[in-house]
K.L.:
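Okay, handing you the structure first.
Every number for a ligand or one of its atoms is a count from 1 in the order of the listing.
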Amino acid sequence: MNGFFSEPAKQIPVSIECDVLVAGGGFAGISAALSAARQGAKVLLCEKLYMLGGLATAGLVSIYLPLCDGQGKQVSFSIAEELLRLSINKGADNVNAHPVPECWFKEANITERAKKRYQVQFNPQYFAIAAEQLLISEGVKILYGTSICDVSVKAGAIDYLIIENKSGRSAIKVKSVVDCTGDSDIFKLANANTRLHEKGNVLAAWYYKTENGKYLLKMHGFADVPESFGKADKPIKDARYKGVEAEELSQMTIDSHAAVLTDYLKQGEFSDDRMLATIATTPQVRMTRKIVGEYTLDYTEQHKEFSDSIGMVSDWRKAGPIFEIPFRTLYSKSIKNLITAGRSISVTDDMWDVTRVIPDCAVTGEAAGAAAAMSDDFGSLDVTALQTVLENRGVKLHEKDIDI
Ligand SMILES: Cc1cc2nc3c(=O)[nH]c(=O)nc-3n(C[C@H](O)[C@H](O)[C@H](O)COP(=O)(O)OP(=O)(O)OC[C@H]3O[C@@H](n4cnc5c(N)ncnc54)[C@H](O)[C@@H]3O)c2cc1C
């Protein structure tokens, strides 16, 4: 730190007004925007990159983890399933390594479904375009290259968000805000309570290569799973990264790039048959900053019924656990009209590795988007009315509702 500088106060234009502002266009943001638009809201999605999908596309994390519990029961529905199907509707990626589980695309047979989890590998470039076209067709306005850099809070609610993009700095007047930045950036800017992932992330260096005409994902630096789930891969480096500070994120990106190249060249030189194809254009961080919500869900709360459940998720790491997600994990009463979805919901550290994955982000995104269209005060939202909206779309709220 080299002292302080006082920014001169200046007037900026109010560029747009909307009902629901979705901050960030990863899987959570896509789901939230779609959901809010389907409730009739005027939705603006601001994304700092120039593509949708976040980690799942720009970060090359293209395995849509399971919508089922690994014992033949589907637990996540509606937009989570719609986006899975959209992601492969022109064909799946790398079907040798990740065959499309056909048993989930025909009449239910629990014995077959118990053998094959409902997950796919998709093409990230295709999904980014398909999601963009879907959102536009449903009336969502997308502003790319737009970072939300500040908020104005009046009487416990956000009235304006400050954005920066190619047109300069301007304000957006909002009724409600869905923080899908993955890092709880908007909660942090609004001075709501948030928590960092103290342990930090291991280095990931996932990339795509081409080999004999195939476009292949190389998962270099695999997951940092707890020892109780089996032997984790040896980390690429001893370093850990918290993922919320500019210089550290830059260093992480540089370390990741170097690891990609080293790993690739270990397999041979470039040739007409083999080439390094795509590197991530966003840092591959898993858990960074989450909100401290009205409820914090723990990994021990498997198979527990919550009266305010907004949907269910499974554990991608092992068969069996099912979790109902309480609505209270998505907001904190400290800022009335702010809600989150995706990898930043209010969970304990043990639970975080479960809820950070793509299907879970879609489940929480759908609920947060619908809630934001229905209310600008989440602490006093009629949760039963929200649940009815979700159920009418095909969401199952409770484990007891699963009929196979
Ligand atoms: C190495 C690695 C491997 C993984 N493997 C898998 C896997 O195999 N399967 C799986 O399902 N999940 C996997 N995950 C997790 C999963 O990909 C992500 O957690 C999930 O996609 C997060 O979605 P999200 O929408 O919550 O956040 P993100 O995808 O992070 O999206 C946040 C979006 O917000 C934008 N944004 C951020 N701040 C601002 C701002 N201030 N203004 C405007 N825009 C902003 C970002 O550019 C981004 O597009 C993996 C993650 C990593 C890092």
K.L.:
With side chains defined as the heavy atoms from C-beta onward, is the minimum distance between I148 and L161 less than 4.5 Å?
P.N.:
yes

K.L.:
Just wondering, do F187 and L189 contact through their side chains at under 4.5 Å, heavy atoms?
P.N.:
no

K.L.:
Which heavy atom of the protein is the closest neighbour of atom 39 (C) of ligand 1, given with residue, atom name and distance?
P.N.:
T181 CG2, 3.7 Å

K.L.:
Check each atom of ligand 1 against the heavy atoms of G24 and keep those under 4.0 Å away; list them by number with element.
P.N.:
33 (C), 34 (O), 35 (C), 44 (N)

K.L.:
Show me which atoms of ligand 1 lie under 4.0 Å from any heavy atom of A204.
P.N.:
1 (C)

K.L.:
So K209 and M275, do their side chains get closer than 4.5 Å, heavy atoms only?
P.N.:
no

K.L.:
Are any of the N/O atoms on C361, whether in the backbone or the side chain, positioned under 3.5 angstrom from an N/O atom of ligand 1?
P.N.:
no

K.L.:
With heavy-atom distances below 4.0 Å as the criterion, list the atoms of ligand 1 near V357.
P.N.:
10 (C), 11 (O), 12 (N)

K.L.:
Once rounded to the nearest 0.5 Å, what's the spacing between atom NE2 of H220 and atom NZ of K266?
P.N.:
5.5 Å

K.L.:
Between T146 and N165, is there a side-chain donor-acceptor contact under 3.5 Å, judged purely by atom types and distance?
P.N.:
yes

K.L.:
Using atom types as modelled and distance alone, determine if a side-chain donor or acceptor of Q284 lies under 3.5 Å from a backbone N or O of W206.
P.N.:
yes

K.L.:
Does any N or O of ligand 1 fall below 3.5 Å from an N or O anywhere on V285, backbone included?
P.N.:
no

K.L.:
Are any of the N/O atoms in K48 less than 3.5 Å from those in ligand 1?
P.N.:
yes

K.L.:
For Q284, counting its heavy atoms only, list the atoms of ligand 1 lying under 4.0 Å from any of them.
P.N.:
53 (C)

K.L.:
Where on D185 is there a heavy atom closer than 4.0 Å to ligand 1, on the side chain, on the backbone, on both, or on neither?
P.N.:
side chain

K.L.:
Could you check atom 47 (O) of ligand 1 against the protein and tell me its nearest heavy-atom contact, residue, atom and distance included?
P.N.:
E47 OE2, 2.6 Å

K.L.:
Under the 6.0 Å and 45° cation-pi test, does K173 pair with Y160?
P.N.:
yes

K.L.:
Begin with the C-alpha distance, continue with both residues' side-chain angles, and end with the deciding distance and a verdict on side-chain contact (heavy atoms from CB on, under 4.5 Å) for M351 and F323.
P.N.:
CA-CA 10 Å; M351 189 64 195; F323 301 91; 3.4 Å; yes

K.L.:
Is R85 positioned over the aromatic face of Y118, cation under 6.0 angstrom from the ring centre and no more than 45 degrees off axis?
P.N.:
no

K.L.:
Check each atom of ligand 1 against the heavy atoms of G25 and keep those under 4.0 Å away; list them by number with element.
P.N.:
33 (C), 34 (O)

K.L.:
With a 4.5 Å limit on heavy-atom distance, are the side chains of Y264 and F270 in contact?
P.N.:
yes

K.L.:
Has ligand 1 got any nitrogen or oxygen that is less than 3.5 angstrom from a nitrogen or oxygen of L55?
P.N.:
yes

K.L.:
Consider ligand 1: state whether an atom of it lies below 4.0 angstrom from any non-hydrogen atom of G59.
P.N.:
no

K.L.:
Backbone N or O of A372 within a donor-acceptor pair of the S375 side chain at under 3.5 Å?
P.N.:
no

K.L.:
Enumerate the atoms of ligand 1 whose separation from the nearest heavy atom of L49 is less than 4.0 angstrom.
P.N.:
47 (O)

K.L.:
Could you verify whether a donor N or O on one side chain and an acceptor N or O on the other, from K396 and Q74, lie under 3.5 Å apart?
P.N.:
no

K.L.:
Ignoring angles and geometry beyond distance, decide whether R343 reaches within less than 3.5 Å of ligand 1 through its nitrogen or oxygen atoms.
P.N.:
yes

K.L.:
Flag I358 as yes when one of its N or O atoms lies below 3.5 Å from any N or O atom of ligand 1, and as no otherwise.
P.N.:
yes

K.L.:
Check each of R356, R343, K48 against D183 using the salt bridge (Lys or Arg N to Asp or Glu O under 4.0 Å) test, and report the only one that passes.
P.N.:
R343

K.L.:
Find out whether the Lys NZ or Arg CZ of K90 is both under 6.0 angstrom from the six-membered ring centre of Y126 and within 45° of the ring's axis.
P.N.:
no

K.L.:
Is there a heavy atom in T282 that sits closer than 4.0 Å to ligand 1?
P.N.:
no

K.L.:
Go through ligand 1 atom by atom and flag the ones less than 4.0 Å from a non-hydrogen atom of C46.
P.N.:
43 (C), 44 (N)

K.L.:
Does A28 approach ligand 1 within less than 4.0 angstrom via side chain, backbone, both or neither, non-hydrogen atoms only?
P.N.:
both

K.L.:
Relative to atom 14 (N) of ligand 1, which among R286, R356, M219 owns the nearest non-hydrogen atom?
P.N.:
R356

K.L.:
In terms of atom number and element, which parts of ligand 1 are under 4.0 angstrom from non-hydrogen atoms of G342?
P.N.:
26 (O)

K.L.:
Got an N/O contact under 3.5 Å between A341 and ligand 1?
P.N.:
no

K.L.:
For ligand 1, is A23 a contact, meaning one of its heavy atoms is under 4.0 Å away?
P.N.:
no

K.L.:
Judging by distance only, is a nitrogen or oxygen of G221 under 3.5 angstrom from one on ligand 1?
P.N.:
no

K.L.:
Could you say whether the N/O atoms of S147 and ligand 1 ever approach to under 3.5 Å?
P.N.:
no

K.L.:
Quick one: look up the protein heavy atom nearest atom 42 (N) of ligand 1 and list residue, atom name and how far away it is.
P.N.:
I148 N, 3.0 Å

K.L.:
What is the nearest protein non-hydrogen atom to atom 43 (C) of ligand 1, stated with its residue, atom name and distance?
P.N.:
T146 O, 3.3 Å

K.L.:
Supply the atom-to-atom distance I335 CD1 to F378 CZ, rounded to the nearest 0.5 angstrom.
P.N.:
12.0 Å

K.L.:
If only atom types and distance count, is the side chain of Q267 paired as donor or acceptor with the main-chain N or O of D263 below 3.5 Å?
P.N.:
yes

K.L.:
Answer yes or no for Y64: is there a heavy-atom contact with ligand 1 below 4.0 Å?
P.N.:
no

